[in-house]
Number of protein chains: 2
Amino acid sequence: MTKFSRQREAIKNQLSCRYDHPTAETLYSELKETIPNLSIATVYRNLKQLEEWGEVVAITTDGATRYDANTHPHSHFFCRSCGSVIDLDCDNSDILEIGRRAGIHGVEGCSSNFYGVCSDCCQSIRNEI
Amino acid sequence: MTKFSRQREAIKNQLSCRYDHPTAETLYSELKETIPNLSIATVYRNLKQLEEWGEVVAITTDGATRYDANTHPHSHFFCRSCGSVIDLDCDNSDILEIGRRAGIHGVEGCSSNFYGVCSDCCQSIRNEI
DNA sequence: CCAATAATGATAATGATTATCGTTATTGAT
DNA sequence: ATCAATAACGATAATCATTATCATTATTGG
């Protein structure tokens, strides 16, 4: 039986009101201001738990795992320049359909990462020249 | 100026004649049989180098990074049951196009991971019942 | 209020990867 | 062929992200 925990609620809430897909470490340092004795282990523990419950999704990257409170299947755009991660508003089922047509049986889900230089970075690079 | 290295050639060659997308550790233990004093650091070092040169691609997963000598843009299927990684023969440019239509500028590339239970595992699960 | 136990915080341990550094191998010039 | 310059190596320490352990604290239902 799962019990209430202030820490878990805070983690869930903190993630819900952000759109920058923070890492466990980022969430930890932010939450530490309101919950000073918070442990990094509690953040990892709860993010894992919430992921199992389908309340958050983990975004696997080459570095630290990032988290997203938006559980609707969607893709992400990774800026090669500033490292920001932006939600992509494209239909995930269309991508899944492409995978399903590839001749392999059993394709159930997909996760797509798109790469490039975001418009902000593109702008500042242009200004430097 | 880059110099010849037997180790790098062996790593590249070992990866080229396989289709199971091994990790650095897997390549290391296999290559150790022919190059007994090979160091794991050399494997990591060269895989990173080869990736920079565009001769191999790294496949980012939630566990250890896997490598692929097939540098033609393509997707992978991850079996949830046995953990195998299989090449998906679908057109990557079609997926890229979906991402490009999502309203964000600067989308240059993409990497899609598909998930499910492979036909081998699906078969053995069926046989157990 | 109390017993049962889920969840915590602190921290040790793990797994993957990278950095360091003294030694070895490759290279181009003599 | 020899030599100096330096790329690459092997061994291993260090780092980073994450998980496991465990004694303590908080929540819950009776």
Side-chain angles (χ1 to χ4, degrees), chain A residues 1-15 20-53 55-68 76 78 83-85 111 113, chain B residues 1-15 20-68 76 78 83 85 111 113:
Chain A
M1 174 255 299
T2 148
K3 290 180 181 173
F4 173 87
S5 126
R6 179 164 92 95
Q7 290 83 343
R8 184 161 53 229
E9 291 304 304
I11 290 163
K12 211 194 324 183
N13 188 61
Q14 181 75 1
L15 196 60
D20 61 343
H21 316 89
T23 62
E25 200 71 42
T26 302
L27 286 170
Y28 169 67
S29 54
E30 288 174 358
L31 290 165
K32 201 132 211 270
E33 290 178 28
T34 42
I35 308 171
N37 63 337
L38 179 68
S39 168
I40 185 71
T42 300
V43 178
Y44 275 108
R45 197 162 30 216
N46 280 297
L47 284 171
K48 190 170 250 280
Q49 186 80 108
L50 290 166
E51 195 198 349
E52 270 169 31
W53 294 343
E55 297 188 41
V56 308
V57 292
I59 306 169
T60 297
T61 73
D62 50 348
T65 304
R66 287 162 163 268
Y67 292 88
D68 196 337
H76 296 100
F78 296 76
S84 69
V85 180
S111 145
N113 292 345
Chain B
M1 175 253 300
T2 146
K3 291 180 181 174
F4 173 87
S5 125
R6 181 163 91 96
Q7 290 83 343
R8 183 161 54 229
E9 290 305 303
I11 291 163
K12 210 194 324 183
N13 188 61
Q14 182 75 1
L15 195 60
D20 61 343
H21 316 89
T23 62
E25 201 70 42
T26 303
L27 285 170
Y28 169 68
S29 56
E30 287 173 0
L31 290 165
K32 201 134 206 260
E33 290 178 28
T34 43
I35 308 173
N37 63 336
L38 180 69
S39 168
I40 184 72
T42 300
V43 178
Y44 276 108
R45 197 161 30 214
N46 280 298
L47 284 171
K48 189 169 250 281
Q49 186 79 104
L50 290 166
E51 196 199 348
E52 271 169 31
W53 294 342
E55 296 188 41
V56 309
V57 292
I59 306 169
T60 298
T61 74
D62 50 347
T65 304
R66 288 163 162 267
Y67 292 88
D68 195 338
H76 296 101
F78 295 76
V85 179
S111 145
N113 293 346

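Throughout, a chain's letter reflects where its sequence line sits, starting with A, and its residues are numbered from 1.
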* Asked: Taking the nucleotide of DNA chain D with the closest heavy atom to each, which residue, B:A41 or B:T2, is nearer the 5' end?
  -> B:T2

* To do: Please determine, for the side chain of B:Q7, which listed nucleotide (D:dG10, C:dT18, C:dA7) has the closest atom?
  => D:dG10

* Do A:H76 and A:N113 have a side chain donor and acceptor closer than 3.5 Å? -> no

* Distance, rounded to the nearest Å, where A:E51 contributes CD and D:dT18 contributes C1' -> 13 Å

* To do: Starting at atom CZ of A:F4, determine the distance to atom C1' of C:dT8, rounded to an integer number of angstrom.
  => 13 Å

* Structure fact -> Rounded to the nearest 0.5 Å, the CD1 atom of B:I35 sits from the CD atom of B:Q14 at a distance of 9.5 Å

* Asked: In whole angstrom, what separates A:N37's CG from D:dT25's C1'?
  -> 10 Å

* Could you tell me whether B:K12 and B:E9 make a salt bridge, using a distance below 4.0 angstrom between a side-chain N and a carboxylate O? => yes

* **A:I35 or B:R45, whichever maps to the more 5' nucleotide of DNA chain C** => A:I35

* To do: Measure from CD1 on B:I59 to C1' on C:dA16 and round the result to the nearest Å.
  => 16 Å

* Distance in angstrom units between A:R6 CZ and C:dA7 C1', rounded -> 13 Å

* Asked: Can you tell me if the side-chain N/O atoms of B:S39 get under 4.0 Å from OP1 or OP2 in D:dA11?
  -> no

* Asked: When only distance counts, do a donor and an acceptor, one from the side chain of A:K48 and one from the base of D:dT18, lie under 3.5 Å apart?
  -> no

* Would you classify B:E25 as touching base, sugar-phosphate or nothing, given that sugar-phosphate means primed atoms plus P, OP1 and OP2, and contacts are heavy atoms under 4.0 Å? => nothing

* To do: Would you mind reading off the distance between B:E52 atom CD and C:dT18 atom P, rounded to a whole angstrom?
  => 10 Å

* **Rounded distance (Å) that lies between atom P of D:dT18 and atom OH of A:Y28** => 15 Å

* Asked: So, is B:S5 close to the C:dA25 phosphate, meaning a side-chain N or O under 4.0 Å from OP1 or OP2?
  -> no

* Structure fact -> Here the distance between atom P of D:dA8 and atom NZ of B:K3, to the nearest Å, is 8 Å

* Assign B:T23 to base, sugar-phosphate, or nothing according to its heavy-atom contacts below 4.0 angstrom with the strands shown. => nothing

* side-chain contact (heavy atoms from CB on, under 4.5 Å) partner of A:Y67, the single match among A:T23, A:L15, A:V43 -> A:L15

